[in-house]
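Quick caveat: nothing in here was measured; it's all calculated off a predicted structure.
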Amino acid sequence: MRVFVARRTARAIHVVARAREARTTGVPFSMKSAAVFHRIAVAALATVAFGLAVAQDAPQPAPAPQPAAALSDALPTPPPPSVTGSAWLLMDYASGQVLAGENVDQRVEPASITKVLTSYVIAAEMKAGKVKPDDQVMMSENAWRSGGAGTDGSYSGFPVNQTAPLIEMEKGMVVQSGNDAAIALAEHVAGSEDAFAALMNAYAQRIGMSNSHFVNSHGLSAPEHYSTPRDLALLGRAMVRDFPEEYAYNKIKEFTVGPITQRNRNLLLWRDASVDGIKTGHHSGAGYCLMASAQRGDQRLVSVVMGSTSEAQRATDSLALLNWGFRFHETHRLYEAGKAISTQKLWKGKVNEVQLGVAAPLLVSLPRGKYDQLKPSMDVPATLVAPIEKGQVIGKVRVMLDGKVVAERPLVALEAVEEAGFFKRLWHEFLMWWNAD
């Protein structure tokens, strides 16, 4: 049967090619050739029908996410609470979506929230083996004079010209917001604060903080030292995700250095047990600032309030944002990484299909009760031809809600597909040509 089909296919391709040539050049077939062509065309059509019968189905639309249980209390989402401040936002940790905000990309002075990036750089350098938790860090005279007790800012209290273990110095920076500790750590890690600032900017770009620039490790006001609420939320999210052990220092309520015990300035650590960080900030140019994070069940949120009017107001507004976010929003994992979302037809491959999926889990945050209104779709080329590499971007999957895109990710090939042999490629070439006409 295979020999018969192959012979008839080859003959059909030859005759069709001659017919196409005649049509192009204007040189007619002979009558005998026309009769032969008629008989063979019938056979060709039968063969094509056979080939099309075994071909794959047309590309399928993106499958809907797994259904969630209907919520009986699905109500319209009320607006977020009023916030006293120049700029603020609320971000879902898992998806990175901004649930609410005002002036989220406005440049602001980050004040001591800068120290979160300092902690991130130290943790990253420690993970790379460049520094160690038990390194002895010197409280230099420069660090003491620039950020110690004799200045207007917060300080840790480590004695000048004496050393302390890196991990203790870092807690003095994180819990007590010690400017002196931040400078000493920067000098230990990079040799100077200027060199450390260059590291900060490099890591900030890696995190995705595209509208930020840092010139010191502590956050005191300086030209060209700025960030945005969105960038700061991305920083907080990265700290939780990448270095959870170091992030945990932010929930320590008080820390003692010598005879001095200082409390963490994040009032939410005493007001809500779900809050486990992250950092306060204040100086005359920045006002009162707070980046907070809380986890309730499987959901974590990150809030950023900049330019508030008092320590109490920034805490009150931050907790109101977190409560609103948890009450009225939910996060769903729509598609798992490495699992097929769709199977697409593939030409000229050793196999006739390729599975497409996402390289990382696709999560989406949305108002409660809106899950069943999500509308997924795919954008995939109409014709896919082997070879295909594993991980090759093929198209994209898009999720809409109320006419707006709430999530979009590249679709990648989940497996490599090599080219088929000569005769299969020839056959598929004919089928592609036939379908194109």
E408 atom CD, over 12 foreign heavy atoms within 6.0 Å: yes
Side chain proximity check, L334 to L374, heavy atoms < 4.5 angstrom: yes
Electrostatic pair R263:E254 at N-O distance under 4.0 angstrom: no
Residue pair E419 / K348, side-chain heavy-atom distance below 4.5 Å: no
Centroid-centroid distance, W427 to F423, less than 6.0 Å: no
S365 side chain to S95 side chain, donor-acceptor N/O pair below 3.5 angstrom: yes
Geometric cation-pi criterion, K171 with Y249: 6.0 Å, 45°: yes
Neighbour count above 12 (heavy atom, 6.0 Å) for Q205 CD: yes
Greater than 12 external heavy atoms within 6.0 Å of K424's NZ: yes
Check: T331/D92 side-chain N/O donor and acceptor closer than 3.5 Å: yes
Reported CG-to-CG distance for the pair L401 and L366, which is rounded to 0.5 angstrom: 6.0 Å
Partners passing ring-ring contact (aromatic ring centres under 6.0 Å, His included) against F196 (at least two apart in sequence or in another chain): none
Neighbour count >12 (heavy atoms, 6.0 Å) for atom CZ, R241: yes
Closest non-hydrogen atom pair between E330 and Y371, with its separation: OE2-CB, 4.4 Å
K404, NZ atom: more than 12 neighbouring heavy atoms under 6.0 Å: no
Side chain to side chain, M173 and S156, heavy atoms closer than 4.5 Å: no
Side chain to side chain, E246 and M126, heavy atoms closer than 4.5 Å: yes
Polar side-chain atom of T114 near backbone of A111 as donor-acceptor pair, under 3.5 Å: yes
Pair R107-T228, side-chain donor/acceptor within less than 3.5 Å: no
Student check: side-chain heavy atoms of L346 and I388 closer than 4.5 Å: yes
Close side-chain approach of H188 to D135, heavy-atom, < 4.5 Å: yes
Passing option when S293 is tested against K251, R300, K279 for side chain to side chain donor-acceptor pair (under 3.5 Å): R300
Non-hydrogen side-chain atoms of S274 and R296 separated by less than 4.5 Å: yes
Side-chain H-bond candidate by donor/acceptor type, T118 with K115, under 3.5 Å: no
Distance-minimising heavy-atom pair for A386 and V417: CB-O, 4.2 Å
Student check: side-chain heavy atoms of W324 and H329 closer than 4.5 Å: yes
Ring geometry between H282 and Y288 (parallel below 30°, tilted from 30 to 60°, perpendicular above 60°): parallel
